[in-house]
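Worksheet: one structure, shown below.
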Amino acid sequence: MKPTLDAALALDAMLDLTHPRKLAAADWARQHAGTRRGEFDRQRWQQAAQFGVLGLRTPVEFGGVEVSTVETLLSFEGLGLGSADPGFVFSLASQVFAMQTALIEAGSPEQKRQWLPPLCRGEAIGSFAMSEPEAGSDVAAITTTAQRLADGRMRLDGVKAWVTLAPVADVVIVFATTDPTRGRWGITAFLVPIETPGLHVGPIEAKSGLHSCPFSRIVFDGCVVDTTAVLGAIGAGAAIFASAVEAERAFLYAAQLGAMERILERCIDRARRRTQFGQAIGSFQAVSHRIATMKLRHEAARLLVYKAAALNDLGASVTMAAALAKLQTSESAVESALDAVHIHGAEGYAESAGIELELRDALGGLVYSGTSDIQRNIVARLLGVGRSDRPTPPKDRTS
Ligand SMILES: Cc1cc2nc3c(=O)[nH]c(=O)nc-3n(C[C@H](O)[C@H](O)[C@H](O)COP(=O)(O)OP(=O)(O)OC[C@H]3O[C@@H](n4cnc5c(N)ncnc54)[C@H](O)[C@@H]3O)c2cc1C
């Protein structure tokens with residue numbers, strides 16, 4: 001049975017920075033992912049699977065443990081806190097919140113039985129491919145096509161871009177248009193094993209941060225799949241995508257909350273230890289106020305992220321909450337990582353201390369799961385901004 005809201009737990013998660021579930025994950029991460037890797041580490045991935053991370057949202061019958069969303073986020077927050085490798089935690093979260101969400105929500109019993117247990121055990125890795133070189137924010141503009149052949153099978157052609165984990169993936173959920181005349185209603189999702197003929201994974205693309213989480217293009221060139229590869233129904237792709245991306249933007253950023261807390265602690269430590277002009281730099285108001293602002297951003301982001309999680313456990317819509325949580329967390333993470341560079345001076349800019357690397361990791365959050373502008377568009381739309389026939393103002397709990 002799907003977990004429901006445990007209000008006491010949700011409140012506890014919001015009020016207590018030392019929830020045992022979070023601390024257990026942080027301890028695990030310090031031990032197993034305490035160093036930063038420059039590339040994907042499969043052994044680390046499998047260890048995380050053994051720790052249970054990949055099965056947190058998957059029903060028991062398909063190999064997971066299906067705990068509540070609040071509990072899942074406590075675990076991811078802990079991973080972000082304990083791990084010195086945000087790319088690794090991001091890659092786990094990306095599979096759990098986007099790819100697995102779509103498979104759990106829309107997959108047939110056979111698709112779930114085939115893929116979810118190995119995904120939870122870390123034996124298979126899954127990607128989620130919507131973006132294209134010419135269609136990022138505007139997902140309805142995708143040009144990857146799926147054409148039905150005379151024998152009833154489907155032929156996929158097109159190029160997907162920036163696909164997280166594609167270079168190491170075993171299976172991908174890909175979105176293609178089955179009817180270009182119907183716009184978003186003509187988009188269909190497919191579950192395609194990576195070794196399918198006609199599917200080509202491009203080379204790893206260099207990027208600013210998140211180095212242990214590779215991304216690349218996937219090219220479909222006459223890639224023929226059976227109709228059993230359709231995820232959900234023909235034409236249901238946009239709805240499947242919207243639901244999975246909403247889960248991603250609402251929950252994935254719990255990992256960044258942990259990273260923000262870890263960076264805050266480093267800054268406090270630095271402010272106390274480093275002396276200039278005969279005194280600890282923390283005694284300068286410019287430095288101490290910077291740290292106070294970092295704390296404010298972190299707490300504000302936490303409240304929004306756990307609000308989204310609690311609403312989800314309640315069975316309520318999270319469209320507004322997800323956009324707000326994503327905006328606050330991703331933008332705060334960048335601002336606070338930049339503050340950390342200020343506070344650490346030259347050490348903050350030197351690669352060896354890892355501070356500027358945290359900034360580079362955080363930058364990605366402004367873009368994936370929908371850019372900041374797109375989140376603001378969602379919030380403004382839900383508020384009825386720009387509409388003369390503004391409906392009843394939204395109640396706080398609804399979206
Ligand atoms: C680390 C990382 C991992 C990713 N992983 C995946 C993945 O696994 N699968 C996948 O499918 N994609 C993935 N992406 C791609 C990501 O989803 C897109 O980059 C994102 O949707 C933005 O698209 P774009 O880069 O084409 O930017 P564009 O859409 O070209 O946007 C460029 C600028 O225009 C602004 N803009 C565009 N439209 C509007 C509008 N209507 N109103 C206001 N401003 C607008 C944007 O906010 C932005 O500032 C990943 C990206 C990153 C950085």
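Atoms within each ligand, like the ligands themselves, are counted from 1 in listed order.
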Have a look at ligand 1 and work out which part of [X], if any, has a heavy atom under 4.0 Å from it: side chain, backbone, both or neither.
| X | answer |
| --- | --- |
| Leu165 | neither |
| Phe215 | side chain |
| Ile374 | side chain |

With the threshold set strictly below 4.0 angstrom, can you tell me whether any protein non-hydrogen atom sits that near [atom]?
| atom | answer |
| --- | --- |
| atom 32 (C) of ligand 1 | no |
| atom 8 (O) of ligand 1 | yes |
| atom 50 (C) of ligand 1 | yes |
| atom 11 (O) of ligand 1 | yes |

Nearest non-hydrogen contact to atom 15 (C) of ligand 1 from the set Ser91, Ser127, Ala129, Ser131 belongs to Ser131
Atom 44 (N) of ligand 1: of Val174, Leu363, Asp373, the nearest heavy atom sits on Asp373
Write down the atom of [X], the atom of [Y], and the distance for their closest heavy-atom approach.
| X | Y | value |
| --- | --- | --- |
| Asp170 | Ala124 | OD2-CA, 3.2 Å |
| Tyr306 | Glu77 | OH-OE1, 2.6 Å |
| Val163 | Ser127 | CG1-CB, 3.7 Å |
| Leu119 | Gln95 | O-NE2, 3.5 Å |

What protein heavy atom sits nearest [atom], and how far away is it?
| atom | result |
| --- | --- |
| atom 26 (O) of ligand 1 | Gly136 CA, 3.2 Å |
| atom 20 (C) of ligand 1 | Val367 O, 3.8 Å |
| atom 6 (C) of ligand 1 | Trp162 O, 2.9 Å |
| atom 40 (C) of ligand 1 | Asn377 ND2, 3.5 Å |
| atom 29 (O) of ligand 1 | Ser137 OG, 2.6 Å |
| atom 1 (C) of ligand 1 | Tyr368 CD2, 3.6 Å |

Any donor-acceptor N/O pair, [X] side chain to [Y] backbone, under 3.5 Å:
| X | Y | value |
| --- | --- | --- |
| Arg290 | Asp339 | no |
| Lys326 | Gly365 | yes |
| His344 | Cys267 | no |
| Gln375 | Gly370 | yes |

- Salt-bridge criterion met for Asp85 and Arg37 (N-O under 4.0 Å): no
State whether Glu299 and Arg302 are salt-bridged, where the test is any N-O pair (Lys NZ or Arg NE/NH1/NH2 against Asp/Glu carboxylate O) under 4.0 Å. no
Would you check the N or O atoms of [X], main chain and side chain alike, for any that come under 3.5 Å of an N or O of ligand 1?
| X | answer |
| --- | --- |
| Thr164 | yes |
| Thr371 | yes |
| Phe128 | yes |
| Ser369 | no |
| Ser94 | no |

Exercise answer: donor-acceptor pairs, residues 276-286 side-chain atoms, under 3.5 Å, sequence neighbours excluded:
| from | atom 1 | to | atom 2 | distance (Å) |
| --- | --- | --- | --- | --- |
| Gln279 | OE1 | Ser283 | OG | 2.9 |
| Ser283 | OG | Ala280 | O | 2.7 |

Is it the case that the ring center of Tyr253 lies less than 6.0 angstrom away from the ring center of Phe97? no
